[in-house]
Protein chains: 2
Amino acid sequence: MFLHVDPDNGLAIYDQIVRQIKFAVATGALPPGEMAPSVRELARELAVNLNTVSKAYQQLQVEGVLESVRGMGLAVAAGALKQCRAERVKLVQERLREVLWEARQSGLDLDEVQKLIAAEMPAIDKKLAAKLKGK
Amino acid sequence: MFLHVDPDNGLAIYDQIVRQIKFAVATGALPPGEMAPSVRELARELAVNLNTVSKAYQQLQVEGVLESVRGMGLAVAAGALKQCRAERVKLVQERLREVLWEARQSGLDLDEVQKLIAAEMPAIDKKLAAKLKGK
DNA sequence: CTCCGTGTCATAGACGACTATGACAGTATG
DNA sequence: CATACTGTCATAGTCGTCTATGACACGGAG
């Protein structure tokens with residue numbers, strides 16, 4: 001699968017799962033109508049407890065991203081693609097705002113912050129390319 | 001004082017205190033030789049428990065940023081300025097890397113990420129200016 | 001010396017996140 | 001029908017963070 005969680009990332013594991021499922025829907029990796037990985041499968045794959053995945057899926061159901069198909073599992077809802085595309089910007093923006101604020105607060109001026117961002121970008125792209133290739 | 005903590009920021013409160021003290025030292029707001037605010041004063045100011053501040057100060061002592069002055073309190077160590085200036089870049093860089101990674105992973109391309117950053121910057125600067133003015 | 005402020009330590013409790021198990025009702029598949 | 005899979009629920013335990021409270025030794029100021 002295309003998911004990966006980090007236990008000590010600040011964000012709770014179930015929250016990371018929620019975000020990444022939304023991202024997968026937004027990018028089209030998980031098209032509407034397709035079944036999401038089962039709670040047991042995903043739990044095993046992420047080396048995480050079953051209930052943690054279940055908690056993430058419950059939240060995704062409440063938000064309308066996933067729909068229960070009785071006896072089959074959870075499917076990506078019809079309107080989820082549009083919804084997730086709109087939401088991912090906000091999700092990223094919120095975290096970005098926090099970090100930028102801390103960066104400026106730390107005494108780094110605008111140029112230095114932009115240099116840091118520019119310096120990180122190549123490594124990020126490289127990592128992303130490796131991930132897509134690996135899949 | 002120049003510190004402010006957010007209980008649900010992902011980062012633990014004592015960690016936020018550690019980081020911000022380091023930033024204050026790095027920017028010169030807390031010069032070497034000066035006394036850090038007492039645990040009780042800072043705890044009251046941040047509306048946080050005494051032990052939480054104490055935990056942050058203990059870590060700062062271990063890392064050599066603060067030094068105990070018996071009967072007086074904790075003072076900024078001599079070499080702390082240089083040390084904190086070098087470290088703040090790493091502290092910011094680590095968080096920045098995480099967020100940039102998530103942004104790219106969410107399916108946003110490079111241009112969109114940079115647009116988001118550019119869009120946030122003015123608000124950040126405005127907030128920073130307001131903070132400096134308020135002080 | 002007395003009073004006050006300093007940091008430090010120990011104990012206990014609340015809370016959220018996560019794990020570990022077991023059990024249940026559904027449905028697809030054979 | 002039986003098996004295997006699905007999500008869901010309940011319980012209990014661990015762990016880290018934070019809070020609440022009390023106590024201690026130390027040094028400055030009066």
Side-chain angles (χ1 to χ4, degrees), chain A residues 1 3-21 25 30 33-77 80 95 98, chain B residues 1 3-21 25 30 33-77 80 95 98:
Chain A
M1 264 294 286
L3 302 194
H4 177 262
V5 295
D6 180 7
D8 39 25
N9 201 36
L11 274 68
I13 294 180
Y14 71 90
D15 218 350
Q16 295 181 47
I17 296 177
V18 168
R19 296 170 80 97
Q20 292 192 28
I21 292 287
V25 173
L30 222 48
E34 189 149 316
M35 303 302 292
S38 81
V39 287
R40 288 174 176 80
E41 178 192 352
L42 190 53
R44 182 175 41 77
E45 206 154 340
L46 299 179
V48 144
N49 191 269
L50 184 153
N51 290 330
T52 304
V53 178
S54 184
K55 185 172 183 180
Y57 278 14
Q58 281 177 37
Q59 186 172 333
L60 286 166
Q61 273 184 88
V62 170
E63 296 187 39
V65 176
L66 297 183
E67 282 176 343
S68 176
V69 180
R70 299 202 300 182
M72 289 292 292
L74 297 175
V76 178
R95 290 199 72 191
E98 282 179 9
Chain B
M1 263 295 285
L3 302 194
H4 177 263
V5 295
D6 181 7
D8 38 27
N9 202 33
L11 274 67
I13 294 180
Y14 72 91
D15 218 351
Q16 296 181 47
I17 296 176
V18 168
R19 295 170 82 95
Q20 293 192 27
I21 291 287
V25 173
L30 222 48
E34 188 148 316
M35 302 303 291
S38 80
V39 287
R40 288 174 176 82
E41 178 191 352
L42 191 53
R44 182 175 41 78
E45 206 154 341
L46 299 179
V48 144
N49 190 270
L50 185 152
N51 290 329
T52 304
V53 177
S54 183
K55 185 172 182 179
Y57 277 15
Q58 282 177 36
Q59 187 172 331
L60 286 166
Q61 274 185 87
V62 170
E63 296 185 39
V65 176
L66 297 183
E67 282 176 343
S68 178
V69 181
R70 299 203 298 181
M72 290 291 293
L74 296 174
V76 178
R95 290 199 71 191
E98 282 179 8

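Per chain, numbering begins at 1; letters A, B, ... match sequence-line order.
- What separates CG of A/D8 from P of D/dT17 is a distance of 11 Å, to the nearest Å.
- Under the 4.5 Å side-chain criterion, counting only non-hydrogen atoms from C-beta, B/L3 is in contact with B/I21.
- Between the P atom of C/dA28 and the CE atom of A/M35 lies a distance of 11 Å, rounded to the nearest Å.
- The base of C/dG5 lies outside donor-acceptor range of the side chain of B/R40, with no N or O pair under 3.5 Å.
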Below 3.5 Å is the cut-off: list the nitrogen or oxygen pairs between protein and nucleotides 15-19 of chain C, distance only.
residue: C/dA17; atom: OP1; partner: A/Y14; partner atom: OH; Å: 3.1
residue: C/dC18; atom: OP1; partner: A/I13; partner atom: N; Å: 2.2
residue: C/dT19; atom: OP2; partner: A/N49; partner atom: N; Å: 3.1
residue: C/dT19; atom: OP2; partner: A/T52; partner atom: OG1; Å: 2.8

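- Distances shown here put a side-chain N or O of B/S38 below 4.0 Å from the OP1 or OP2 atom of C/dT6.
- Considering all non-hydrogen atoms of both residues, A/G64 and A/A77 come closest at O-CB, 3.2 Å.
- Rounded to whole Å, atom C1' of C/dG7 lies 15 Å from atom CD1 of B/I21.
- A/Q59 places its CD atom 17 Å from the C1' atom of D/dG7, with the value rounded to the nearest Å.
- The backbone N or O of A/H4 lies less than 3.5 Å from a partner atom in the side chain of A/Q20, making a donor-acceptor pair.
- Listed by residue number, B/R70, B/G71, B/M72 are the residues of residues 68-76 of chain B with a heavy-atom contact under 4.0 Å to DNA chain D.
- At whole-Å resolution of the value, CG in B/L46 and C1' in D/dC18 are 14 Å apart.
- Taking atom OH of residue A/Y57 and atom C1' of nucleotide D/dC9, one finds them 18 Å apart after rounding to whole Å.
- When distances run from any side-chain atom of A/Q61 to the nucleotides D/dT8, C/dT8, D/dG7, the shortest one goes to D/dT8.
- For B/Y57 against B/A36, the heavy-atom pair with the smallest separation is OH-CB, 4.0 Å.
- Residue B/I17 contributes atom CD1, which lies 11 Å from atom C1' of D/dC18 at whole-angstrom precision.
- For A/E67, there are no salt bridge (Lys or Arg N to Asp or Glu O under 4.0 Å) partners two or more places apart in sequence or in a different chain.
- Each of B/K55, B/R44, B/R40 was evaluated against B/L50; a single residue qualifies, B/R40, per the side-chain contact (heavy atoms from CB on, under 4.5 Å) test.
- Residues B/I17 and B/L46 have side chains in contact (heavy-atom distance under 4.5 Å, counting atoms from C-beta outward).
- In this structure a side-chain-to-backbone donor-acceptor pair under 3.5 Å is present from B/N49 to B/N51.
- In this structure the side chain of B/L74 never reaches within 4.5 angstrom of the side chain of B/L60, judged on heavy atoms.
- For the pair A/L42 CG and D/dT8 P, the interatomic distance rounds to 14 Å; values are reported in whole Å.
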